[in-house]
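First comes the structure, then the notes that go with it.
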2 protein chains.
Amino acid sequence: MSLSPLLESLVEAFQGLPGVGRKTAQRLAMHVLERDREGGRRLAGALEAAIENVGHCRRCRNLTEDELCPICANPRRDREVLCVVETPADVMAIEQAGIFSGVYHVLMGHLSPLDGIGPEELGLGLLAERLAGESVREVILATNSTVEGEATAQYISEMAGDAGVEVTRIAYGIPMGGELEYVDGNTLTHAFNGRRAVGDR
Amino acid sequence: MSLSPLLESLVEAFQGLPGVGRKTAQRLAMHVLERDREGGRRLAGALEAAIENVGHCRRCRNLTEDELCPICANPRRDREVLCVVETPADVMAIEQAGIFSGVYHVLMGHLSPLDGIGPEELGLGLLAERLAGESVREVILATNSTVEGEATAQYISEMAGDAGVEVTRIAYGIPMGGELEYVDGNTLTHAFNGRRAVGDR
């Protein structure tokens with residue numbers, strides 16, 4: 001090998017990140033060592049601090065180092081509308097769109113009996129407590145449109161229905177700016193099944 | 001902000017890496033925290049160890065934590081052929097091609113008088129010492145084909161010529177598998193100027 005041991009370890013550690021191959025890992029390692037050691041130190045420190053301290057929000061299971069995540073702790077969020085998502089990344093995507101002012105419940109996965117992931121692993125007990133104890137008016141299901149995501153949505157919609165809470169599912173269809181001819185058949189099926197009368201909003 | 005402070009710091013630290021935007025930084029942070037805390041710890045440790053300990057090879061200026069880099073320390077490398085490159089990344093690219101068995105001299109940049117980078121900053125004194133003290137037979141100039149890279153190559157070729165060492169420049173032209181019609185004019189110019197008689201090797 002032409003790399004010194006510490007350099008080789010650094011390249012291999014970068015390769016552990018998703019979407020980072022050997023070439024990119026080398027480029028990142030070189031960048032840090034040649035041009036930005038201060039940034040590299042900051043990244044190492046941020047990784048250690050986050051890994052040591054970040055856990056799950058006591059109320060919604062989103063990632064946070066505090067008891068409550070910033071969204072649950074924000075008194076201006078609408079506690080009556082609860083959006084159920086699979087991962088913290090989904091929360092970020094919705095937050096960045098800036099269209100939702102309610103609170104979340106993060107499943108940290110989806111029902112997948114073959115992998116041993118049942119209602120217990122998704123913390124659905126906690127969700128049931130929230131539906132019973134908080135004054136939730138509407139549950140918006142925003143799980144993925146995969147088989148597992150749909151099954152999870154179905155399960156939760158029954159739970160919420162039993163608790164007497166209104167349940168909605170976000171719309172699936174042609175993405176804005178998407179062209180019909182390039183959209184897959186499954187999405188087209190959803191788009192047709194979800195069609196609405198013109199004038200309806 | 002909807003991210004907890006430690007998460008936000010981690011995302012910002014990832015954004016400091018080249019080619020990593022906000023979305024990718026979020027994906028990396030989520031990946032580490034949700035799925036691979038062990039890998040994250042390894043990356044933090046590798047960054048700290050490399051940043052603390054990696055310096056420059058005493059002989060060729062390549063990155064290494066030892067006195068000599070693995071290439072200079074390898075007795076099977078041909079000390080009579082010395083390839084001059086701009087960066088450690090160039091060394092990696094050449095090593096990965098596996099076509100060169102000599103040693104390197106890493107400038108860590110190129111001549112750029114406007115930025116205050118002269119022969120001193122590129123350690124050309126060290127290179128002169130090597131040309132005088134080691135039994136170098138050929139210097140291969142592999143600096144980039146930019147204006148600064150060419151100027152640097154020119155400067156070093158005069159230095160090496162004065163020291164009575166043969167100097168060559170790697171070939172610039174159409175990349176293998178590249179199609180003529182998509183190649184830029186500058187490259188075409190190099191390809192035409194560098195043409196050779198058929199049968200010549």
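Per chain, numbering begins at 1; letters A, B, ... match sequence-line order.
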* Heavy-atom pairs under 4.5 Å with chain B, option from A:Leu43, A:Leu17, A:Asn74 with the top count ->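 Most pairs with chain B among the choices: A:Leu43.
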
* Counting heavy-atom pairs under 4.5 Å to chain B, which of A:Ala44, A:Gly16, A:Gly39 comes out on top? ->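 Heavy-atom pair counts peak at A:Ala44.
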
Nearest 0.5 angstrom please: [X] [atom1] to [Y] [atom2], how far?
| X | Y | atom1 | atom2 | result |
| --- | --- | --- | --- | --- |
| B:Arg27 | A:Met92 | CZ | CE | 12.0 Å |
| A:Gln96 | B:Lys23 | CD | NZ | 5.5 Å |
| A:Arg35 | B:Thr87 | CZ | OG1 | 8.0 Å |
| B:Arg42 | A:Leu47 | CZ | CG | 12.0 Å |
| A:Leu68 | B:Ser4 | CG | OG | 12.0 Å |

Looking only at non-hydrogen atoms, find the nearest pair between [X] and [Y] and report the distance.
| X | Y | value |
| --- | --- | --- |
| B:Ala46 | A:Ser9 | CB-O, 4.1 Å |
| B:Ala89 | A:Glu34 | N-OE2, 4.5 Å |
| A:Pro70 | B:Ser2 | CG-O, 3.8 Å |
| A:Leu28 | B:Pro18 | CD2-CD, 3.8 Å |
| A:Leu7 | B:Glu65 | N-OE1, 4.4 Å |
| A:Ala49 | B:Leu6 | O-CD1, 3.7 Å |

* Would a 4.5 Å heavy-atom cut-off, applied to side chains only, mark B:Val54 and A:Arg37 as touching? ->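 When only atoms from C-beta onward are counted, A:Arg37 and B:Val54 do touch, with a gap below 4.5 Å.
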
* Evaluate the side-chain proximity of A:Leu3 to B:Thr64: yes if any heavy-atom separation is below 4.5 Å, no if none is. =>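 When only atoms from C-beta onward are counted, A:Leu3 and B:Thr64 do not touch, as no gap falls below 4.5 Å.
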
* Select, from B:Ala73, B:Cys57, B:Gly40, the one with the greatest count of heavy-atom pairs under 4.5 Å involving chain A. =>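 Greatest number of close heavy-atom pairs with chain A: B:Gly40.
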
* Asked: Measuring heavy-atom distances to chain A, does B:Glu95 have an atom under 4.5 Å in its side chain, in its backbone, in both, or in neither?
  ->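 For B:Glu95, the contact with chain A is made by the side chain alone.
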
